[in-house]
Amino acid sequence: MSKNPMESVIRAEGLGKTYAEGKMHTPVFDGLDLDVKPGETVAIVGASGAGKSTLLHLLGGLDIPTAGEVYVAGHRMSALSDTERGRLRNRSLGFVYQFHHLLPEFTALENVMMPVMLDEKSPVPGRRWVATSIATVCFATLASVRTGHWIFLWLALGLWLAGLLGVGVISYWSGRKKVVAARQRATEILEAVGLGHRVHHKPGELSGGERQRAAVARALVNNPACILGDEPTGNLDDKTAGTVFELMLALNRRYQTSLVLVTHDRSLARKLDRVLELREGRLHQLERSEV
Ligand SMILES: Nc1ncnc2c1ncn2[C@@H]1O[C@H](COP(=O)(O)OP(=O)(O)OP(=O)(O)O)[C@@H](O)[C@H]1O
């Protein structure tokens, strides 16, 4: 993904969100603006119920605003189809939550490999290939019936079978290549978060801090432009929280990945470039002395 310093990684313009259920309307914010540059680290703080999680959901394209626009890596989210939005999310954004959300039956390595495996386009030709095959066989049948020479049909069927075999071989090899590349990248990033010695452990065999570091690795594996974290250290004791937070900052410096982190912990928030307080539906930048 582009890390052009001029381009915002995430931009929200005039963002509004009102939850509506039947006659009940819950306005959360209105006219909210935010601009996050490549490599920037931003903390979002605010009282319980102020709308911090709602904001992260909108920035990550997991929910739809009732007003305004969100741009991720220059793409207007509302202009994308669900599939395109999902692809952009997988490539440009990483998510870390209070609870790790690792899949318990898979190892740390397999969990971290997953976003890479989901990212690539399928190498198998899709509908166009099937349509061309059917059209060729129909045309050859017609030609055979008209001319009385069945060689046309046999030729078409032979070509189709050869094509099918070719597609099978190509998809097998590109699938293998994809797995090897995903494993290599996941191992590299697990080493970067200090879990090189735990790659084959399942989440249940890791400590709380290690699980959260694996979640950070999974968020980073596709080299996203930005990580969105909702209380990423909120479930850890103070010491482990500090270690995981420092790790995220070190990775931000190493990979220039922007961070937008919701946190209740002001001492951690203070370590980021900007601290924004979500209050009365808008973001207010806090001075260092106010944090
Ligand atoms: N699905 C929903 N339907 C209706 N109201 C909702 C829904 N989700 C959240 N809300 C309301 O929107 C407001 C903002 O919720 P949100 O979870 O974003 O706050 P928050 O700042 O993250 O809170 P906390 O710090 O307690 O996690 C709250 O008043 C909440 O009750």
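Not measured: the values here are computed from a predicted model. We number each residue from 1, following the sequence as shown. What's counted below: heavy atoms across the whole structure, side chains too, no hydrogens, waters or symmetry copies. Just follow the structure's listing: the first ligand is 1, and inside any ligand the first atom is 1.
At a threshold of 4.0 Å, the pair E69-R11 does not count as salt-bridged, since none of the basic side-chain nitrogens sits closer than that to a carboxylate oxygen. Residues E280 and R282 are not paired through a salt bridge, judged by the lack of any N-O separation under 4.0 Å between the basic side chain and the carboxylate. Under 4.0 Å is where a charged nitrogen must lie from a carboxylate oxygen, and between E188 and R185 at least one such pair does. Using a cut-off of 4.0 Å between Lys/Arg side-chain N and Asp/Glu carboxylate O, E210 and R198 are scored as salt-bridged.
Under the 30°/60° scheme for interplanar angles, the aromatic rings of Y97 and H101 are found to stand perpendicular.
There is a path of hydrophobic side-chain contacts, each under 4.5 Å, that joins M77 to L62.
Looking only at heavy atoms of the protein, atom 3 (N) of ligand 1 is closest to E21 OE2, 3.4 Å. Summary of contacts: the protein heavy atom closest to atom 15 (O) of ligand 1 is T54 OG1, 3.7 Å. Nearest non-hydrogen protein atom to atom 29 (O) of ligand 1 is G49 O, 3.7 Å. The protein non-hydrogen atom at the shortest distance from atom 27 (O) of ligand 1 is S53 OG, 4.2 Å. Annotation: atom 26 (O) of ligand 1 to nearest protein heavy atom, S48 OG, 2.6 Å. Counting protein heavy atoms only, atom 2 (C) of ligand 1 is closest to Y19 CD2, 3.5 Å. The closest protein non-hydrogen atom to atom 25 (O) of ligand 1 is K52 NZ, 2.7 Å.
Remark: atom 18 (O) of ligand 1 lies closer than 4.0 Å to at least one protein heavy atom.
Heavy-atom contacts of A47 reach the following atoms of ligand 1: 21 (O) (cutoff under 4.0 Å). When each atom of ligand 1 is checked for a heavy atom of H264 under 4.0 Å away, the hits are 25 (O). Listed by number with element, the atoms of ligand 1 under 4.0 Å from a non-hydrogen atom of G51 are 14 (C), 16 (P), 18 (O), 19 (O), 20 (P), 21 (O).
Judged by distance alone, the side chains of S258 and K37 never bring a donor and an acceptor atom under 3.5 Å apart.
For ligand 1, the polar-atom distance check against V28 finds no nitrogen or oxygen pair separated by under 3.5 Å.
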**Evaluation steps, side chain to side chain contact (heavy atoms under 4.5 Å, CB included), between T41 and K271** = CA-CA 9 Å; T41 60; K271 295 182 176 180; over 6 Å; no
